[in-house]
Peer 1: 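Take this structure, written in structure tokens, and hold onto it; I'll ask about it next.
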Protein chains: 2
Amino acid sequence: MTIKPAKTMTLSDIARLAGVSESTASRALRDNPVINAQTRQKVQQIAADHQFKVNATARSLRTQKSHTIAVIILFDAKTQQAITDPFLLDILGVIADELTRQGYDMLLSTSKTTDKDWRSYYFDSKRADGLIVIGQGEHDERVEQLSNAGVPFVVWGAATGTERFPVIGSDNRQGAQLAVTHLLAQGCKRIAFLGDIRHSEIEMRYLGYQDALQAAGIQPEAKLQLNTDFTAQAGYLQTQQALFSELGSLDGIFAASDAIAMGAMKALLEHGIKVPQQLALVGFDDIAMSAYCTPSLTTVKQDTHAGGKLLVAQLLSRINGGKAASQLLPVKLIERQSSLRKE
Amino acid sequence: MTIKPAKTMTLSDIARLAGVSESTASRALRDNPVINAQTRQKVQQIAADHQFKVNATARSLRTQKSHTIAVIILFDAKTQQAITDPFLLDILGVIADELTRQGYDMLLSTSKTTDKDWRSYYFDSKRADGLIVIGQGEHDERVEQLSNAGVPFVVWGAATGTERFPVIGSDNRQGAQLAVTHLLAQGCKRIAFLGDIRHSEIEMRYLGYQDALQAAGIQPEAKLQLNTDFTAQAGYLQTQQALFSELGSLDGIFAASDAIAMGAMKALLEHGIKVPQQLALVGFDDIAMSAYCTPSLTTVKQDTHAGGKLLVAQLLSRINGGKAASQLLPVKLIERQSSLRKE
DNA sequence: GGCCATATTGCAATCGATTGCAATATGCTG
DNA sequence: CAGCATATTGCAATCGATTGCAATATGGCC
């Protein structure tokens with residue numbers, strides 16, 4: 001077995017080996033031009049030879065920057081499992097890539113909305129320079145508090161225009177309107193809404209649903225809105241149970257997420273209901289699987305790529321003394337088989 | 001607007017306010033019984049009143065522990081997007097929850113397998129006390145190196161029994177064997193394998209596939225093994241293109257992941273091939289969506305919950321001076337519609 | 001040769017906690 | 001009341017880097 005240096009190298013070791021002071025070594029390693037070019041070369045070479053890595057902790061303490069962003073995924077206490085929705089994975093992946101590109105580390109935390117204070121945990125303790133909060137959840141008052149406390153943070157959620165902190169998110173209302181208008185254009189007359197409107201993004205989608213119906217002169221029926229968790233299972237059960245009595249007269253469903261839509265689709269097909277002929281179905285998100293179920297799922301595509309990049313960009317700008325602004329991202333209707341009635 | 005303390009509190013502020021020394025304050029905050037109970041009470045009260053949080057950076061520097069674990073998700077350079085497979089999300093969620101429960105923070109990193117050295121980035125720099133590596137990828141030699149360098153780490157991957165570092169993973173070979181034996185029992189004679197065998201977990205699954213065929217006296221055909229990325233799209237394209245000429249004589253497909261299987265299913269249905277009557281299909285993982293596609297997908301369930309907990313437990317044991325051992329987790333065949341030919 | 005500008009390097013303080021050891025106070029024993 | 005054990009607290013060093021400022025060296029100019 002190879003003998004490895006028992007202790008990890010410190011800057012002072014490198015300095016000694018190079019025959020310079022710690023300050024010179026420190027500057028040389030960061031390629032500070034005030035240091036003689038040859039000295040820099042030499043120090044860097046020695047550091048590389050000994051696999052020296054700057055102790056991030058010491059640096060953070062001294063510079064008062066952690067170069068770390070905490071990403072907090074909020075979820076309902078009742079949903080036990082933390083991260084379930086594939087959509088979260090999408091946006092999380094983009095954020096991770098983007099933070100890496102910008103030289104930041106990412107602390108990931110899933111937090112029950114009832115949990116203790118993650119602001120002070122991550123920010124006051126200097127674990128992170130800023131926060132990205134995913135999902136405002138059901139009007140979480142703690143998010144409001146953040147804005148007062150001088151914590152740099154951005155939220156992925158519903159930008160209603162009234163909140164006092166930067167929110168980036170899809171134009172949920174418009175997306176829902178597109179979806180429902182599309183269903184109406186396909187001839188649907190009675191359309192159910194599956195989604196939990198206590199969640200602010202979903203609330204916006206429900207508003208869009210109502211907009212579209214009213215624009216077509218249809219009065220929304222409250223009993224066609226069914227609170228449904230973000231899982232295929234919830235979509236399945238809700239369709240099978242709550243919608244059962246209505247199924248006969250229903251000819252469209254707008255689900256607040258693709259996962260819910262897929263659950264609903266399963267229930268419909270099991271009941272022998274033909275999709276889209278008897279009942280047309282539209283989801284929201286455009287997760288990867290949506291194109292590959294049968295029939296493939298019409299949905300509203302969220303631009304996760306733009307969203308993730310924007311979240312990171314805004315947060316970093318805020319951290320560097322600038323402002324972070326709310327922004328509404330355009331969405332796009334992706335028409336697939338689940339809603340397209342030929343001719 | 002509320003006036004907030006301009007500067008964050010430090011231990012020395014608390015000490016001054018409480019009229020004690022920093023050392024007493026430090027001990028009091030951690031409830032060290034050597035400090036008088038009343039003093040402890042007082043200091044803790046003052047700290048709470050001022051929302052004081054210990055500076056994690058300073059503590060880490062002094063104690064030489066970060067109380068942070070880095071989770072590295074390896075992926076192929078060619079697959080651009082970082083985290084795509086829903087299965088990853090499952091296990092990641094479990095790990096996140098478990099680390100939180102144990103009082104550790106989680107640094108998440110997605111890394112192209114070709115990327116620079118994440119061992120030294122996370123460990124030598126003291127950003128993390130240990131590493132959880134997900135996916136050995138295509139025999140990554142860098143993982144081997146870790147074992148020599150005294151870095152506490154565990155791998156989620158294929159425990160072949162020959163590796164010199166702790167690997168925790170499903171019994172892929174057995175799982176595949178279960179799946180293919182099941183297909184054979186359903187009357188399949190000619191079964192294709194969709195999955196990239198350069199990836200060691202998939203290689204094990206391929207071995208299990210071969211085991212099952214040979215046990216039934218069938219000689220595996222090399223051309224029925226098709227390297228396929230972990231996406232529905234890849235499964236779809238591979239089935240549509242590479243398997244096209246064989247489709248007539250094929251009556252079974254074993255896909256190395258559920259995502260691949262769903263892509264394959266789509267292609268089959270588009271070709272008018274009846275699943276499972278003409279062709280039976282089995283996947284691997286048991287992601288949430290598998291139960292809700294139509295026909296629902298028979299698959300091999302990986303115990304992500306046990307896996308995640310075990311990864312964390314073994315790593316922490318290793319960090320605390322103990323040993324971490326490899327372990328093979330049992331899997332279970334979940335029979336659903338995509339492979340069940342009635343009677 | 002004297003003087004000043006410039007280039008290069010090092011000293012020492014600092015970031016905010018933790019901790020070994022010494023110091024002090026208190027109480028009990030014989 | 002001396003003497004020692006115990007309870008409680010504080011001093012000062014330490015973790016490993018960064019950085020303002022001072023110190024020194026070098027070169028050029030008149």
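Convention: sequence-line order gives letters A, B, ...; per-chain numbering from 1.
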Peer 1: Give the rounded distance in Å between these two atoms: CZ of B:Arg30 and P of C:dT19.
Peer 2: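 Checked: the CZ to P distance equals 5 Å.
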Peer 1: Assess, by modelled atom type and distance only, whether the side chains of A:Asp129 and A:Tyr122 contain a donor and an acceptor separated by less than 3.5 Å.
Peer 2: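 A:Tyr122 and A:Asp129 do not have a side-chain donor-acceptor pair below 3.5 Å.
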Peer 1: Does C:dG16 have its OP1 or OP2 closer than 4.0 Å to a side-chain nitrogen or oxygen of B:Ser12?
Peer 2: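 Result: no.
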Peer 1: Would you kindly give the CD-to-P distance between B:Gln38 and D:dA7, to the nearest whole Å?
Peer 2: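 Rounded to whole Å, this separation is 16 Å.
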Peer 1: Where the side chain of B:Ser21 is defined as all heavy atoms beyond and including C-beta, which of D:dG10, D:dT18, C:dG10 is the nearest nucleotide?
Peer 2: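 In terms of side-chain proximity for B:Ser21, the closest of D:dG10, D:dT18, C:dG10 is D:dG10.
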Peer 1: Are the side chains of A:Leu310 and A:Leu329 in touch, meaning some heavy atoms are under 4.5 Å apart?
Peer 2: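 Yes, side chains in contact.
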Peer 1: Out of A:Ile95, A:Ile132, A:Leu92, which one pairs with A:Leu108 under the side chain to side chain contact (heavy atoms under 4.5 Å, CB included) rule?
Peer 2: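 Going through A:Ile95, A:Ile132, A:Leu92 one by one, the side chain to side chain contact (heavy atoms under 4.5 Å, CB included) with A:Leu108 is satisfied by A:Leu92 alone.
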Peer 1: Where the side chain of A:Ser23 is concerned, which of C:dG10, C:dA17, D:dG16 is the nearest nucleotide?
Peer 2: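 That would be C:dG10.
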Peer 1: Between A:Lys53 and A:Thr8, does a side chain to side chain donor-acceptor pair (under 3.5 Å) hold up when you go through it step by step?
Peer 2: CA-CA 9 Å; A:Lys53 289 284 162 184; A:Thr8 33; over 6 Å; no
Peer 1: Identify, residue by residue, the members of residues 60-68 of chain A with a heavy atom below 4.0 Å from DNA chain C, and return them in order of residue number, or none.
Peer 2: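 Contacts with DNA chain C under 4.0 Å: A:Leu61, A:Arg62, A:Gln64.
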Peer 1: Describe the nucleic acid contact of B:Thr39 in one word from base, sugar-phosphate, nothing, applying a heavy-atom distance below 4.0 Å.
Peer 2: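 B:Thr39: backbone/sugar contact only, no base atoms under 4.0 Å.
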Peer 1: Is a side-chain donor or acceptor of A:Arg27 paired with a backbone partner of A:Ile35 at a separation under 3.5 angstrom?
Peer 2: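 Such a contact is absent between A:Arg27 side chain and A:Ile35 backbone.
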Peer 1: What's the closest nucleotide to the A:Leu11 side chain, out of C:dT8, D:dT8, D:dT18?
Peer 2: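 Out of C:dT8, D:dT8, D:dT18, the nucleotide with an atom closest to A:Leu11's side chain is D:dT18.
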Peer 1: Tell me what A:Val54 touches on the nucleic acid: a base, only sugar-phosphate, or nothing, going by heavy atoms under 4.0 Å.
Peer 2: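 Contact class for A:Val54: sugar-phosphate only.
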Peer 1: Any non-hydrogen side-chain atom of A:Val20 less than 4.5 Å from a side-chain atom of A:Val43?
Peer 2: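 Side-chain contact under 4.5 Å: yes.
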Peer 1: What is the distance from CD of B:Gln41 to P of D:dT8, rounded to the nearest Å?
Peer 2: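 Taking CD of B:Gln41 and P of D:dT8, I get 14 Å after rounding.
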Peer 1: Please confirm whether the shortest side-chain N or O distance from B:Asn36 to OP1 or OP2 of D:dT8 is below 4.0 Å.
Peer 2: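 B:Asn36 to D:dT8 OP1/OP2: side-chain N or O found under 4.0 Å.
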Peer 1: Measuring to OP1 and OP2 of D:dA17, would you say a side-chain N or O of A:Thr10 lies under 4.0 angstrom away?
Peer 2: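 Checking A:Thr10 against D:dA17: at least one side-chain N or O falls below 4.0 Å of OP1 or OP2.
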Peer 1: Taking the side chain of A:Val34 as heavy atoms from C-beta outward, which of C:dT18, C:dT9, D:dG10 is closest to it?
Peer 2: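 The nucleotide sitting nearest to the side chain is C:dT9.
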Peer 1: Round to a whole Å and report the spacing from CG of A:Asp13 to C1' of D:dC15.
Peer 2: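 Whole-Å distance recorded here is 13 Å.
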Peer 1: Please list, chain by chain and in numerical order, all residues satisfying side-chain contact (heavy atoms from CB on, under 4.5 Å) with A:Glu98, sequence neighbours excluded.
Peer 2: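 With neighbours one apart ignored, the set is A:Arg101, A:Gln102, A:Lys309, A:Val312.
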Peer 1: I'd like to check the ring-ring contact (aromatic ring centres under 6.0 Å, His included) partners of B:Phe87; sequence neighbours left out, ordered by chain and number.
Peer 2: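 B:Phe87 satisfies ring-ring contact (aromatic ring centres under 6.0 Å, His included) with no other residue.
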Peer 1: In whole Å, I'd like the distance from the CZ atom of A:Arg27 to the C1' atom of D:dA17.
Peer 2: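 Checked: the CZ to C1' distance equals 12 Å.
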Peer 1: Rounding to a whole Å, what distance do you find between B:Leu29:CG and C:dA17:P?
Peer 2: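 These atoms are roughly 9 Å apart.
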Peer 1: Measure the distance from CD1 on B:Ile14 to P on C:dT18 and round it to the nearest whole Å.
Peer 2: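 Taking CD1 of B:Ile14 and P of C:dT18, I get 13 Å after rounding.
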Peer 1: How long is the line joining NE2 of B:His50 and P of C:dG16, in whole Å?
Peer 2: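 One finds 17 Å between P of C:dG16 and NE2 of B:His50, rounded.
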Peer 1: If only side-chain N and O atoms of A:Ser26 are considered, is one of them under 4.0 Å from the OP1 or OP2 phosphate oxygen of D:dA17?
Peer 2: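 Checking D:dA17 against A:Ser26, no side-chain N or O comes under 4.0 Å of OP1 or OP2.
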